[in-house]
Undergrad: 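Dropping the structure in here first, questions after.
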Amino acid sequence: MTYNAAGDEDLRMDREYVKLEGGGDGSPPCAAVASRSCGDCCGLGRRSLWWWGKLLLLVVFAGLFAAVIFKWIGPFLIDKGIIPIINWEMKTFSKTKLALVVFGSLTIFPSLLLPSSPSMWVAGMTFGYAYGFLLVIGAVAIGVSVPYFIGSLFYHKIQVWLDRYPKKASVIRLAGEGDSFNQFRAVAFIRISPFPYIVYNYCAVATDVKYGPYLLGTLVGMVPEIFVTLYTGIFIKTLADASYDQQSLTASQIILNLAGFCITATTTAIVTLYAKRRLKELKMEEAIVLK
């Protein structure tokens with residue numbers, strides 16, 4: 001009886017071994033693995049082709065849209081809106097007065113939750129890159145400082161408001177973590193990212209970020225946006241001058257302006273994506289530390 005029981009046990013183990021070798025359904029295991037791998041590769045290939053197809057359609061649509069704006073919508077807006085405003089500014093203000101107007105608007109608008117891009121456009125139109133940048137960066141330093149100190153008066157109320165939206169507030173809370181360098185880096189990434197900087201001006205103080213890293217991170221993080229906005233103003237002025245003189249831009253001017261705009265926009269997009277990725281990495285690092 002002992003011998004038969006042992007024999008039955010060996011026979012059962014042999015059957016299970018054969019079943020495992022054959023994949024359970026009679027098909028070789030290597031074939032099953034190869035089939036799954038082939039299916040995964042085909043799925044990845046289809047997704048990759050679909051992604052490139054969508055990207056191509058997006059590029060074509062963006063090109064057609066830009067052509068329509070450049071050919072019809074742009075000249076109409078320039079003739080009816082921009083040229084009269086530029087002429088009014090030139091007749092009403094001297095360069096010194098216009099610099100004071102731009103500087104004053106850039107220092108006041110952030111506190112009133114108003115966008116500052118139009119003032120930066122005027123700075124680009126009137127003063128170009130160098131003087132326009134110095135004018136804008138000086139005004140921005142004051143413009144982002146005023147909401148910071150105003151927000152300190154409502155410190156507890158802002159914290160309560162942030163606690164209501166913990167998921168969204170987790171991004172700006174990164175600025176208050178770590179030493180001064182980490183705070184500076186987080187603020188710079190927040191400024192570069194698409195996060196609404198007008199709101200952040202008031203909320204920053206509630207994250208316990210120090211004023212020094214906040215100001216330096218803000219100035220560094222807003223450099224790409226400032227250059228893009230200044231370039232936009234210069235480009236608008238170029239189109240307005242050509243339209244006002246009833247002259248079309250030469251082929252070289254069109255190519256240089258479009259190339260400059262594309263390079264500026266692409267650089268800004270790359271920097272923005274990098275900033276968003278670094279913010280995610282900082283959040284993951286913070287979560288690991290908390291665990």
Side-chain angles (χ1 to χ4, degrees), residues 99-152 168-169 171-177 180-207 209-236 260-261 263-280 282:
L100 293 175
V101 170
V102 171
F103 189 90
S105 63
L106 289 174
T107 57
I108 296 173
F109 283 1
S111 301
L112 302 178
L113 302 180
L114 295 176
S116 303
S117 297
S119 299
M120 295 184 190
W121 292 343
V122 175
M125 293 178 188
T126 309
F127 304 102
Y129 279 117
Y131 291 112
F133 177 79
L134 294 176
L135 178 65
V136 170
I137 201 71
V140 165
I142 300 175
V144 299
S145 298
V146 174
Y148 179 89
F149 292 115
I150 293 176
S152 63
K168 296 180 180 180
V171 177
I172 61 176
R173 289 188 187 279
L174 291 173
E177 303 293 333
S180 296
F181 176 74
N182 289 330
Q183 292 182 358
F184 158 79
R185 182 177 59 175
V187 172
F189 287 143
I190 290 172
R191 292 298 189 184
I192 297 172
S193 71
F195 191 88
Y197 80 93
I198 295 179
V199 177
Y200 180 67
N201 292 336
Y202 282 98
C203 297
V205 67
T207 63
V209 60
K210 298 177 181 177
Y211 176 69
Y214 165 79
L215 181 60
L216 291 177
T218 295
L219 297 180
V220 172
M222 289 189 66
V223 167
E225 179 188 355
I226 291 173
F227 273 109
V228 169
T229 313
L230 290 175
Y231 180 83
T232 304
I234 295 171
F235 185 62
I236 291 173
F261 180 79
I263 291 172
T264 305
T266 303
T267 304
T268 304
I270 292 173
V271 172
T272 302
L273 292 174
Y274 173 75
K276 291 177 65 177
R277 189 182 69 180
R278 285 296 300 148
L279 282 175
K280 289 182 180 179
L282 289 175

Undergrad: From Phe127 CZ over to Phe133 CZ, what is the distance, rounded to the nearest 0.5 angstrom?
TA: 15.5 Å
Undergrad: Would you name the heavy atoms of Gly217 and Val187 that are closest together and state the gap between them?
TA: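 Heavy atoms of Gly217 and Val187 come nearest at C-CG1, 3.7 Å.
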Undergrad: Do you know the tightest heavy-atom contact between Asn201 and Pro110?
TA: ND2-CB, 3.9 Å
Undergrad: Shortest non-hydrogen contact from Met120 to Val140?
TA: CE-CG2, 4.3 Å
Undergrad: Please tell me if the side chains of Leu106 and Val136 come closer than 4.5 Å, counting only heavy atoms from C-beta onward.
TA: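 In contact.
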Undergrad: Kindly write out the residues that satisfy side-chain contact (heavy atoms from CB on, under 4.5 Å) with Leu113, not counting sequence neighbours, or none if the list is empty.
TA: Ile198, Tyr202
Undergrad: Please verify the inter-ring angle class for Phe184 with Phe181; under 30° counts as parallel, over 60° as perpendicular, anything in between as tilted.
TA: tilted
Undergrad: Would you give the length of the straight line joining atom CZ of Arg185 to atom CD1 of Ile190, rounded to the nearest 0.5 angstrom?
TA: 11.5 Å
Undergrad: Would you compute the distance between atom OG1 of Thr207 and atom CD of Gln183 and round it to the nearest 0.5 angstrom?
TA: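 That separation rounds to 7.5 Å.
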Undergrad: Among all residues two or more places apart in sequence or in another chain, which pass the ring pair (Phe, Tyr, Trp, His ring centres under 6.0 Å) test with Tyr214?
TA: Tyr148
Undergrad: Of all heavy-atom pairs between Gly124 and Leu230, which one has the smallest distance, and what is that distance?
TA: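 The answer is N-CD2, 3.5 Å.
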Undergrad: Considering only residues two or more places apart or on different chains, which pairs with a residue in residues 134-147 satisfy side chain to side chain donor-acceptor pair (under 3.5 Å)?
TA: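 Output for this query lists Ser145-Tyr211.
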Undergrad: Tell me, please, which residues at least two apart from Phe103 pass ring pair (Phe, Tyr, Trp, His ring centres under 6.0 Å).
TA: none
Undergrad: Any pair with a residue in residues 130-143 that passes side chain to side chain donor-acceptor pair (under 3.5 Å), sequence neighbours left out, goes on the list, sorted by first then second residue, please.
TA: none
Undergrad: If the condition is side-chain contact (heavy atoms from CB on, under 4.5 Å), which residues does Ser105 pass it with, not counting sequence neighbours?
TA: Phe109, Ser119
Undergrad: Could you walk me through whether Thr107 and Val146 pass side chain to side chain contact (heavy atoms under 4.5 Å, CB included), step by step?
TA: CA-CA 8 Å; Thr107 57; Val146 174; over 6 Å; no
Undergrad: Would you give the length of the straight line joining atom CD1 of Ile234 to atom OG1 of Thr229, rounded to the nearest 0.5 angstrom?
TA: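 Answer rounded to 0.5 Å: 11.0 Å.
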Undergrad: Rounded to the nearest 0.5 Å, what's the gap from CD1 on Ile226 to CG on Leu135? Could you check?
TA: 10.5 Å
Undergrad: Hey, does Val144 have a side-chain heavy atom less than 4.5 Å from the side chain of Arg191?
TA: yes
